[in-house]
Amino acid sequence: MKDYNFSGIEKRWQEYWEVNKTFRTEDDFTNPNKYYILDMFPYPSGAGLHVGHPEGYTATDIMARYKRMKGFNVLHPMGWDAFGLPAEQYAIQTGTHPAVTTNKNCDTFRRQIKELGLSYDWDREINTTDPAYFRWTQWIFLKLYNTWYDQANERGRDINELPIPLDVIKAGDEARKKYIDSKRLAYYDDAQIWYCPSCRIVCANEEVLTDGSHEKCGNKVVRRNLKQWMLRIPYYAERLLSGLEKLDWPEGIKEMQRNWIGRSTGAEVDFMIDGHKEIITVYTTRPDTLFGATYMVLSPEHPMVAGLTSPEQKQKVDDYIVSASLKSDLDRTDLAKDKTGVFTGTYAINPVNNKKIPVWVADYVLMGYGTGAIMAVPAHDERDFEFAKKFGIDIVCILSPAIDDPEQKKRIISGKECWSGDGVYINSSDSERQITLDGLNVEKGIATITRWIEQRNIGIHRVNYKLRDWLFSRQRYWGEPFPVIHWEDGRITLVDEKDLPLTLPELEVYEPGENGESPLSNATDWLYVTDNEGRRGKRETNTMPQWAGSCWYYLRFIDPKNDHEIFDSAKEKYWMPVDLYIGGAEHAVLHLLYSRFWHKVLHDLGIVSTDEPFMKLFNQGMILAFAYETATGAKVASDQVSEKEGRFIITETGEEVKQIVAKMSKSLKNVINPDDVVKSYGADTLRLFEMFLGPLDATKPWDEKGIKGPFNFLSRVYRLIANSENITDGEEDPEILRVLHKTVKKVTEDIEALRFNTAIAAMMIFLNTAFKKEKITRDTAAVFIKLLSPFAPHLGEELWQLTGHTGTIAYEPWPVAEEKYLTEDVFECPVSVNGKMRFKIELPVNLPQDEVKKIILADERAQKWIGTATPKVIIVPNRIVNIVL
RNA sequence: GCGGAUGUGUCGUAAUUGGUAGCCGAGCAAGACUUAGGAUCUUGUGCCUCAGGGCGUAAGGGUUCGAGUCCCUUCAUCCGCACCA
């Protein structure tokens, strides 16, 4: 009897696929059914794969193989997001060129991935660090630089089509240049940025955690002012928001993107300043509460603070601004902290009633949002309420809350409690200015006051977004160089398209400068350039962030070897959009938002044909692992721990430890390497196990004990089908046929819905049935092998060959469930009494209801429950019968 | 605090979407075959039980002939956001 020798089988078929290029994708435009299925390509770290990687990769692989068998032309590629800090850190420590480290890591990843039997088209492999690739990343940067956003038409356009206002033209060349620069999607400017002194790197807002630490290293970041490249993503905020609606993405991810974009509607309102000529414009979502505005707050960074501060208050205000600038973001945003602020000594005039209200400076108002100034309505805004209470500012209630509790209502109206909900306005009239809101509700109030403000020309309806300009440069070596030259006369030019790629120079030292200069500033030969007129210039020394390469890689897979254009547009039209994109939820906002942004720009420029890149997105859940810690919290490596009578002890010392479930990480010493699993059980078992663990999107703990289930299953499959004495050529047993076709139906539906765990369970049920019968026909075996092959492709190929077929199973037609085997003529009808299942009775399918009733009521088991009563009988045809007493 | 999700045996999970709760697997127990088994094959396995049943899907309430599934309240866990005016 033959036994399941997985390592031999897997090696043989991996070689077969490699030699025969089984999974090479042709750009066969005659097949209208294309399927582009994509994994989030990995950063090839030095540690190699962990078992989380194969989860998503197996899911897409099953789908890809299934679609091929369904006759689709499938694009299923893999590549490397290979720029990044670790290789550069290693270079700083050892002097090894990051490219060397990167290539080594890619080799490891490629080997490991190939050992999982994933059906990628390796001819399309890409690497973001390859100049042939980043040439086009730089090319896109040129496009961003040369694009402006036409707000009227809501699309990006070539910078040469930018209309220049007359007054700018009159002001001369310099003004014209400035104006154009102010409209480009990519611009270079002083930016207040976060800097991580430990990594010596500038961080994007989104790389800084709430507690003010750098997400990469955990050390505290500080504020710096540096010249930086920025991208004007907020121009696309509205389209990034509305575009979400037609996408088949998890609701949670869409919601996170919506929150990140942070659209709000309200109004900008101008306030005159008592004794000054200037006007302060505030942004508010509640213009209806103007009558309750009892003070105003400017952000410490607001440009008008200095000018408005009275001489008596100057010292205090200056001190406050300095102390605010020294605060970390943690201190500034921590809710537990008391609000702080100082009075400027100046008063603004409330436009609805001409009342003077004090102007304060406080750091709870952020310069980066709205206008950096607010009107404060303590009675109807929690933050203002807290601030007003602390500093003894008036709290004027102008809205009677829509609540029943009379006590609470009293507190709110007297200004002792804050109310931000709906209600009816009170004290909100001014006859002189012809405005009244009294008696209205909030919705009507906002509409009324906004109209009034606009009519009086003191403000305007306004939509605001939290989304900020994207800080796009890093003081690093191992990234795409910007194709930019800064000339001695202060001008900036971009490297010509035909001179791309601009490659990285060789360096001796990778260490960044003390003040955050990039290591590239040491590359003197590379750095300095002179143009035809003898003008001297210096190359941009910043490099692009890691997001750059991953923003558009899905487009390069379409035509990865094209050396004269980014991709062939006929191929792009055929393959785009990505039909299914699977990856971790950690990229919910950044990668997916940035990609969508670039894609929309490219779409506006006519470079891509679709408005959105990823039609369906699915997040695989994280795989957690057991970890162990001692009473003092020290982590103990999993392989040093053993179980004894339900307790966990360190094998060597006998010390008891606690078992916890946590994210796999080096520090917890609980990372599981797929190589070990492949070695002991084989890749097919690993694939099956990861899919069988639970729903693809659930967070699941890795418990290797369970791997025996899938392993036994595959062994049994092999023993049944590989041993020819079990395979017959006669008529199939009707029960096997019925179960087989049920399995075909179930597996097909489950794959389509990404429910691989239940698909596997269905195949196990089939096998249990077949195993009991001991024999199956060749036809049955063929159908079952096809079902199994996307999940366990090596075994699928092997059994396909052993049952007398030649070549690969990868393009064999997917089986179809035949209805005639699915319908049965009798079924076990459950009978419940008062909703509780009591017994089952065999009934013919589609028996008329009165017949059913007659049979059921005559049954002695029913009689026992009914007794003398006259029951109501509810019949759900072919499903259940309920007797109600 | 706000937003999203989840809660079912000892464990991972399943349930034709309002119709038999616990499929499939792990673990455990008993047995068979074996020189041996961390192999293989049977069988059993939610809890309680006076053996007729009773109780069970985080807790409580509701709608329904019928609720794991729908509605309300509460609790717990996870994820994201967090002074965005």
Side-chain angles (χ1 to χ4, degrees), chain A residues 1 3 210 250-260 262-264 266 282-287 289 297 299 332-335 337 339 362-366 368-377 380-384 386-387 420 464-468 585-586 588-589 619 621-622 624 646 688-689 692-695 697-713 715-716 719 746 749 755 757-765 767-768 771-772 828-840 864 871-876 878-885:
Chain A
M1 187 159 98
D3 253 332
T210 325
E251 200 40 54
I253 301 289
K254 288 200 208 179
E255 201 53 36
M256 280 162 73
Q257 293 219 343
R258 284 187 198 111
N259 289 340
W260 194 264
R263 184 184 203 269
S264 76
V282 303
Y283 173 71
T284 176
T285 54
R286 292 292 302 276
T289 58
V297 186
S299 156
R332 249 181 104 154
T333 60
D334 195 339
L335 281 177
K337 283 252 157 60
K339 290 205 171 13
D363 66 5
Y364 80 92
V365 172
L366 310 172
Y369 184 77
T371 61
I374 62 158
M375 64 179 216
V377 185
H380 305 291
D381 181 285
E382 290 288 350
R383 298 153 299 185
D384 299 342
E386 207 182 299
F387 190 85
S420 54
N464 240 312
Y465 303 93
K466 284 199 254 178
L467 191 63
R468 310 286 163 82
E586 66 273 19
V589 176
N619 295 118
M622 218 182 324
L624 307 178
L688 216 60
F689 178 53
F692 190 60
L693 229 40
D697 55 355
T699 304
K700 300 151 288 222
W702 175 272
D703 185 357
E704 204 147 321
K705 269 192 235 153
I707 204 167
K708 283 194 181 143
F711 180 73
N712 286 345
F713 168 66
S715 306
R716 279 152 58 95
R719 264 184 280 134
K746 177 85 177 140
E749 287 170 357
R755 288 188 304 247
N757 53 331
T758 50
I760 294 166
M763 289 190 281
M764 286 172 167
I765 292 171
L767 187 76
N768 289 345
F771 226 71
K772 280 207 186 86
E828 285 276 303
C829 181
V831 179
S832 50
V833 178
N834 289 335
K836 217 154 186 75
M837 212 285 289
R838 292 303 175 182
F839 63 93
K840 289 177 194 165
K864 196 181 80 186
K872 191 170 146 197
V873 180
I874 289 158
I875 299 168
V876 184
N878 302 327
R879 183 71 52 90
I880 197 168
V881 172
N882 192 12
I883 299 170
V884 186
L885 297 173

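Source: prediction; values computed, not measured. Chain letters run A, B, ... following the sequence lines, proteins first, then strands; residues in each count from 1.
When heavy atoms are screened at a 4.0 angstrom cut-off, A:D384 is found touching no nucleic acid atom at all. Nucleic acid contact for A:D703: none, since no nucleic acid atom lies under 4.0 Å from a heavy atom of the residue. Backbone-only contact: A:L693 has heavy atoms under 4.0 Å from sugar-phosphate atoms and none from a base. At a threshold of 4.0 angstrom between heavy atoms, the contacts of A:R838 are confined to the sugar-phosphate backbone, with no base atom among them. Counting any heavy atom pair closer than 4.0 Å across all strands shown, A:P250 reaches no nucleic acid atom. Using a 4.0 Å heavy-atom distance criterion, A:F771 is classed as a sugar-phosphate-only contact. A:N464 comes within 4.0 angstrom of no nucleic acid atom, judged by non-hydrogen atoms across all strands. Heavy atoms of A:R755 sit nowhere under 4.0 angstrom from any nucleic acid atom. In this structure, A:S832 reaches neither bases nor backbone, as no heavy-atom distance under 4.0 Å exists between it and the strands shown. Using a 4.0 Å heavy-atom cutoff across all strands shown, A:K254 reaches no nucleic acid atom at all.
Rounded to the nearest 0.5 Å, atoms OG1 (A:T699) and CG (A:L624) are 6.0 Å apart. Once rounded to the nearest 0.5 Å, the distance linking CH2 of A:W260 with CZ of A:R468 reads 9.5 Å. Note that CD1 of A:I883 and NZ of A:K872 are 13.0 Å apart. Values are rounded to the nearest 0.5 Å. Distance check: A:D381 CG to A:I374 CD1 gives 7.0 Å after rounding to the nearest 0.5 Å.
Of all nucleotides listed (B:G19, B:A21, B:C81), B:C81 comes nearest to the side chain of A:K466. Distance from the side chain of A:R716 is smallest for B:C41 among the nucleotides B:C41, B:C24, B:G3. Distances from the side chain of A:M256 to the nucleotides B:G80, B:G12, B:U20 place B:G80 closest. Out of B:U16, B:C83, B:G25, the shortest distance to the side chain of A:K339 is found at B:C83. With B:A85, B:G19, B:C41 as the choices, the nucleotide that has an atom nearest any side-chain atom of A:I880 turns out to be B:G19. Looking at the side chain of A:D363, the nearest of the listed nucleotides B:C83, B:G25, B:A85 is B:C83. Checked against B:C81, B:G19, B:A85, the side chain of A:T284 finds its nearest nucleotide in B:A85. Comparing B:C65, B:U16, B:A85 by their nearest atom to the side chain of A:V884 picks out B:C65. Among the nucleotides B:G80, B:C24, B:A85, the one closest to the side chain of A:T285 is B:A85. Among B:G12, B:G3, B:G19, the nucleotide with an atom closest to any side-chain atom of A:P701 is B:G12.
Distance A:I875 CD1 to B:G66 P: 17 Å, rounded to the nearest Å. Across the protein-nucleic acid pair, A:N757 atom CG and B:A26 atom P stand 16 Å apart, rounded to whole Å. The distance from atom CE of A:M622 to atom P of B:U6 is 16 Å, rounded to the nearest whole Å. Remark: P of B:G37 and CG of A:D3 are 18 Å apart, rounded to the nearest angstrom. Between the P atom of B:G19 and the CZ atom of A:F839 lies a distance of 21 Å, rounded to the nearest Å. In this entry the distance linking CG of A:L366 with P of B:A85 reads 10 Å, nearest Å. We find that CD of A:E704 is positioned 14 Å from C1' of B:G12, with the value rounded to whole Å. Here B:C55 presents its P atom at 12 Å from CG of A:N834, a figure rounded to the nearest Å.
Separation of the P atoms belonging to B:A51 and B:G7 is 39 Å when rounded to the nearest angstrom. Here, B:G66 and B:G18 have their C1' atoms 8 Å apart, quoted to the whole Å. Between the P atoms of B:G25 and B:A76, the separation comes to 37 Å (whole Å). Taking the P atoms as reference points, B:C79 lies 26 Å from B:U69, given to the whole Å. Of the C1' atoms belonging to B:A21 and B:U8, the separation is 8 Å, rounded to the nearest Å. B:U63 and B:G68: their P atoms are spaced 16 Å apart (whole Å). Using P as the reference atom, B:G62 and B:U16 are 27 Å apart when rounded to the nearest Å. Nucleotides B:C78 and B:U20, compared at atom C1', are 33 Å apart to the nearest Å.
Look at B:U17: its glycosidic torsion is within 90° of 0, and that puts it in the syn range. Against the 90° criterion about 0, the sugar-base torsion of B:G9 places it in the syn range.
Under the 30°/60° scheme for interplanar angles, the aromatic rings of A:Y369 and A:Y283 are found to stand perpendicular.
Judged by Watson-Crick or G-U wobble contacts below 3.5 Å, the nucleotide B:U6 has B:A76 as its partner. Of the nucleotides present, none pairs with B:U69 by Watson-Crick or G-U wobble criteria with both distances under 3.5 Å. Nucleotide B:C83 has no partner under the Watson-Crick or G-U criteria, as no pair reaches both atom distances under 3.5 Å. Both distances falling under 3.5 Å, in either a Watson-Crick or a G-U wobble arrangement, occur for no nucleotide opposite B:U35. Base pairing analysis places B:U42 opposite B:A30; the two distances defining the Watson-Crick or G-U wobble pair are each below 3.5 Å. Under the Watson-Crick or G-U wobble criterion, with both distances below 3.5 Å, B:A15 has no partner in any strand shown.
Nearest heavy-atom pair across A:M763 and A:F713 is O-CE1, 3.7 Å. The two residues A:P695 and A:N757 come nearest to each other via the heavy atoms N-ND2, 3.5 Å.
For B:C11, its base never sits under 3.5 Å from the side chain of A:K705 at any donor and acceptor pair.
Both A:K708 and A:A762 lie near RNA chain B, and the one whose nearest nucleotide falls closer to the 5' end is A:A762. Comparing A:G709 and A:K836 by the nucleotide of RNA chain B whose heavy atom lies nearest to each, the residue mapping closer to the 5' end is A:G709.
The side chain of A:R258 contributes no N or O atom lying less than 4.0 Å from OP1 or OP2 of B:G4. A close approach under 4.0 Å does occur between a side-chain nitrogen or oxygen of A:S264 and OP1 or OP2 of B:A85. Contact check, A:N712 against B:U40: a side-chain N or O comes under 4.0 Å of OP1 or OP2. In this model, the phosphate group of B:A85 is approached by a side-chain N or O of A:Y369 to a distance below 4.0 Å at OP1 or OP2.
Judged by distance alone, with hydrogens and angles left aside, the side-chain atoms of A:K700 form a donor-acceptor pair with the main-chain N or O of A:A698 at under 3.5 Å.
A:I880 is not listed as a side-chain neighbour of A:M837, based on a closest heavy-atom distance of 4.5 Å or more. Residues A:Y364 and A:E386 fail the side-chain proximity criterion, which asks for heavy atoms closer than 4.5 Å.
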